[in-house]
Amino acid sequence: MSDPFDLDSTPPSDEGAEVKDDAPPLGEAVPLSQQAQQARAGGEASVGGIDAAAMLDDLNDAQREAVLAEDGALLLLAGAGTGKTRALSTRIAYKIATGQAYPSQVLAVTFTNKAALEMRQRIGSLLGSAVEEMPWLGTFHSLSSRILRRHAELVGLTDKFSILNADDQLRYFKQILKSENIDDKRYPARLIAGIIDRWKNRGYYPDEVPTSEASHFANGHAIQIYSIYQNRLKTLDIADFGDLIMHAVHILRDHKDVLAEYQKKFKHILVDEYQDTNVVQYLWLRLLALGHSNICCVGDDDQSIYGWRGAEIENILRFEKDFAGAKTIKLEQNYRSSPHILAAASGLIKSNEGRLGKTLWTDRKDGEKIFLRGCYDGEEEARLIGDDIEAHHRAKRDLNEISILVRAGFQMREFEDRFITLGLPYRVIGGPRFYERAEIRDANAYLRLIQHPSDDFALERIINRPRRGLGNVALQTLTSAARAMETNLFQAAQTLITTDELKPAARNALQSFIRAVERWQQRATEMTHTELAELVLDESGYIAMWQADKSPEAPGKLENIKEMVSSMGDFENLAGYLEHIALVMEAQSNDSGDEKVSLMTLHAAKGLEFDIVFLPGWEEGVFPHQRSLDEEGTRGLEEERRLAYVGITRAKQLVTISFAGNRNLHGRWINATPSRFIDELPCDHVQVNDDAHIPSPITHRATSATHATPIKEAWQRSPAQTIEGKAVSSSASAAQSVDYKRGERVFHQKFGYGHIEVVDGNKLAIAFDKAGRKKVLADYVEKHG
DNA sequence: GTCCTAAATTTTTTT
DNA sequence: AATTTAGGAC
């Protein structure tokens with residue numbers, strides 16, 4: 001009887017909720033201005049001892065207007081640093097505190113889990129502990145997943161469906177390409193995946209794709225694969241990321257009764273980062289908001305940076321047409337950045353066309369101009385930034401308030417290398433994720449298979465990990481058997497072990513594997529999911545496999561698995577845990593509050609702020625990224641420019657933009673040109689900085705740009721030298737044969753000091769004091785007493 | 001079926 | 001440059 005997703009579980013009582021839903025304690029009947037006065041006067045409007053009026057005290061006029069605006073469609077056009085999350089959270093908290101809505105009647109949607117968490121915390125602190133639950137606050141994906149589980153049968157799934165991750169998805173596309181005899185050189189799986197993803201972002205099932213697109217994209221192969229793929233997912237009872245939202249929209253669209261239920265349920269809909277919504281997400285909102293149109297969207301057209309994921313900036317530009325009678329409130333007072341930073345960012349974004357147009361202003365007067373620095377190459381850039389950060393650190397600046405924002409992940413490496421050498425503590429945000437590590441995915445695959453035997457992707461992953469003698473041939477046989485029977489691999493395997501299609505050795509191996517899984521499934525009902533995980537990882541031999549592994553990373557992997565198992569205790573049951581890892585991917589950061597510099601991509605930085613921000617790699621081809629220009633033209637360029645805008649506006653006090661004259665990109669030296677965005681920065685707010693305060697070890701470089709030099713001239717002069725003569729550096733350390741022994745202490749140019757753990761010919765596995773375990777060639781280290 | 005070597009491919013951004 | 005994939009030897 002207990003349905004975890006019961007729509008009306010949170011209000012005081014199920015029956016009562018119906019009535020109260022229609023007549024909230026203090027209602028829309030009272031004009032809002034009056035209501036606000038009441039609230040200010042003494043909090044009569046408040047419920048549960050919370051002082052709703054106090055929430056308004058620290059807001060500016062526009063923010064207060066946003067909180068108090070009448071029901072109906074409302075667009076908050078909020079520039080960077082204008083307190084949009086604050087306004088949105090307060091609007092929700094205010095509605096709850098004044099009794100206009102129960103927490104369970106508020107649908108609040110964000111894009112990232114991080115944003116959802118932050119909003120939850122903000123609302124929580126506004127409301128105190130009085131109202132903790134906000135069951136319908138989450139990301140589009142997590143909320144859709146909930147809706148989908150509740151009505152899965154309407155789209156041919158069960159409530160236990162698994163969620164497919166991008167990795168397995170791509171592997172499966174490759175399989176289909178092969179089995180359909182499609183040339184994967186001409187039509188790479190990535191391309192097909194991209195096309196299908198775009199269709200899903202627009203909400204098209206295979207039979208709904210416009211015919212012209214269906215026949216032209218990838219010569220018709222895309223639609224062919226999409227159709228096969230979607231059918232297969234259905235038989236396996238699996239949904240991918242795109243499906244979560246697409247299926248939810250189809251359910252709402254095709255089942256009036258279900259839609260009505262949710263429409264009635266959600267009295268208030270609030271959406272964060274509206275500029276990033278794509279077509280399906282728009283439909284999703286549109287359907288749910290239909291009727292009362294009680295929807296409040298917050299966004300900034302200048303921060304739309306997810307066009308490549310299907311985001312339609314038009315959604316926000318069109319808002320007032322979409323929702324008749326919509327009201328727009330602009331939040332323009334910026335509380336974050338200094339005037340120079342704000343002016344530089346505003347000047348840059350002016351080059352974009354088709355903006356809604358906001359004028360950010362601040363009453364701050366302090367602050368320095370943006371620093372611009374040309375460097376010889378990427379290594380020097382990393383060194384100079386490292387030096388700057390050390391200087392800030394010595395000046396007692398908090399490292400947590402310093403960040404380096406890069407265009408793409410590969411740019412992070414040289415900074416990590418440099419920071420390790422310096423011993424400078426740093427954290428990578430959105431870097432390699434815990435749940436994406438191979439050992440964690442293996443362990444989870446065991447659990448997925450037990451939970452949901454039709455999860456072919458899980459079975460394929462672990463059927464031969466550890467080695468059971470079930471290699472490609474056995475898997476091939478199994479796959480074709482499954483296809484012939486039109487069922488999943490697990491069921492096919494159960495049949496296959498009763499026939500003699502497989503050789504005896506393989507058949508026995510398969511049989512004992514299947515029996516083991518069946519046994520674990522039974523045990524699952526009689527123990528906690530944590531105990532189950534321990535049992536399975538032990539009995540399967542998976543733990544033993546890593547224990548027997550002599551490679552230096554094996555102990556770390558075992559450590560990760562241990563961490564994973566212990567984290568499972570935070571979840572109610574196995575299903576809850578699996579749902580979490582599929583949707584969240586990020587392990588809860590148990591960051592020990594230590595001071596650390598943050599390193600991340602510009603995309604990951606959205607919504608964050610720092611005192612000091614470094615923006616390296618502003619070179620044509622890197623930023624704006626070449627691919628973006630090639631594939632999206634002007635549209636792509638404008639999105640890159642918005643990304644630059646996002647980067648600059650993260651800073652409260654200090655921005656340092658830099659570029660290198662020579663850049664090593666995947667092994668080739670490129671003679672780089674400074675980014676066009678540098679030219680677009682207004683000169684009055686930029687200071688060309690040639691490291692007057694930090695002596696540069698590169699002597700053959702021009703070092704004379706003055707503060708007054710216009711930006712253009714400065715960069716044309718400074719980093720003009722190219723790479724000749726540079727590539728000699730590594731050949732100097734000729735291979736002298738030295739004997740190394742286990743336990744010996746050594747020094748490495750990049751990783752610092754460490755001791756040898758394993759000697760394998762001229763290869764050494766070394767545990768570095770700061771850099772952790774690495775495999776290194778003996779030529780690159782020297783002995784150290 | 002497994003292991004080793006050579007070649008190809010990667011690097012835009014994420015739920 | 002580094003990691004993944006394919007092919008060939010055993």
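Just so it is clear: chains get the letters A, B, ... in the order the sequence lines come, proteins before strands, and each one is counted from 1.
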Under 4.0 Å between a side-chain N or O of [X] and OP1 or OP2 of [N]?
X: A/Ser142; N: B/dT15; answer: no
X: A/Arg627; N: B/dT12; answer: yes
X: A/His625; N: B/dT12; answer: yes

**Item:** Salt-bridge criterion met for A/Arg171 and A/Glu460 (N-O under 4.0 Å)
**Value:**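 Salt bridge between A/Arg171 and A/Glu460, a charged N being under 4.0 Å from a carboxylate O: no.
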**Item:** Salt bridge present between A/Arg465 and A/Asp442 (N-O < 4.0 angstrom)
**Value:**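 So A/Arg465 pairs with A/Asp442 through a salt bridge.
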Is the terminal nitrogen or CZ of [X] (NZ for Lys, CZ for Arg) located under 6.0 angstrom from the six-membered ring centre of [Y] and within 45° of that ring's axis?
X: A/Arg198; Y: A/Trp308; value: no
X: A/Arg641; Y: A/Phe677; value: no
X: A/Arg202; Y: A/Tyr204; value: no

Report the distance from atom [atom1] of [X] to atom [atom2] of [N], rounded to the nearest whole Å.
X: A/Leu170; N: C/dT4; atom1: CG; atom2: P; result: 14 Å
X: A/Arg198; N: B/dT15; atom1: CZ; atom2: P; result: 19 Å
X: A/Asp240; N: B/dT15; atom1: CG; atom2: C1'; result: 11 Å
X: A/His580; N: B/dT15; atom1: NE2; atom2: C1'; result: 14 Å
X: A/Asp276; N: B/dT14; atom1: CG; atom2: P; result: 12 Å
X: A/Glu640; N: B/dT12; atom1: CD; atom2: P; result: 11 Å
X: A/Tyr306; N: B/dT13; atom1: OH; atom2: C1'; result: 7 Å

**Message:** So for A/Arg407 and B/dT12, does any side-chain atom that can act as donor or acceptor lie under 3.5 Å from a complementary atom in the base?
**Reply:**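 Check passes, donor-acceptor contact within cut-off.
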**Heavy-atom donor-acceptor pair, A/Trp308 side-chain to B/dT12 base, under 3.5 Å** =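 Result: no qualifying N/O pair found.
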At a cut-off of 3.5 Å, list every protein nitrogen or oxygen paired with a nitrogen or oxygen from nucleotides 1-8 of chain B, distance to 0.1 Å.
residue: B/dG1; atom: OP1; partner: A/Gly471; partner atom: N; Å: 3.0
residue: B/dG1; atom: OP2; partner: A/Val473; partner atom: N; Å: 3.3
residue: B/dC3; atom: OP2; partner: A/Arg467; partner atom: NH1; Å: 2.6

**Request:** Look at all strands and tell whether A/Phe140 reaches a base, only sugar-phosphate, or nothing, counting heavy atoms closer than 4.0 Å.
**Result:**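 No contact.
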**Asked** Across the strands shown, which category fits A/Glu273 at heavy-atom distances under 4.0 angstrom: base, sugar-phosphate, nothing?
**Response**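 Nothing, no heavy atom under 4.0 Å.
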**Message:** Tell me if the aromatic rings of A/Phe161 and A/His247 count as close, with their centers under 6.0 Å from one another.
**Reply:**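 They do not qualify: ring centres at least 6.0 Å apart.
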**Asked** Does some side-chain heavy atom of A/Asp272 sit less than 4.5 Å from a side-chain heavy atom of A/Lys84?
**Response**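 They are in side-chain contact.
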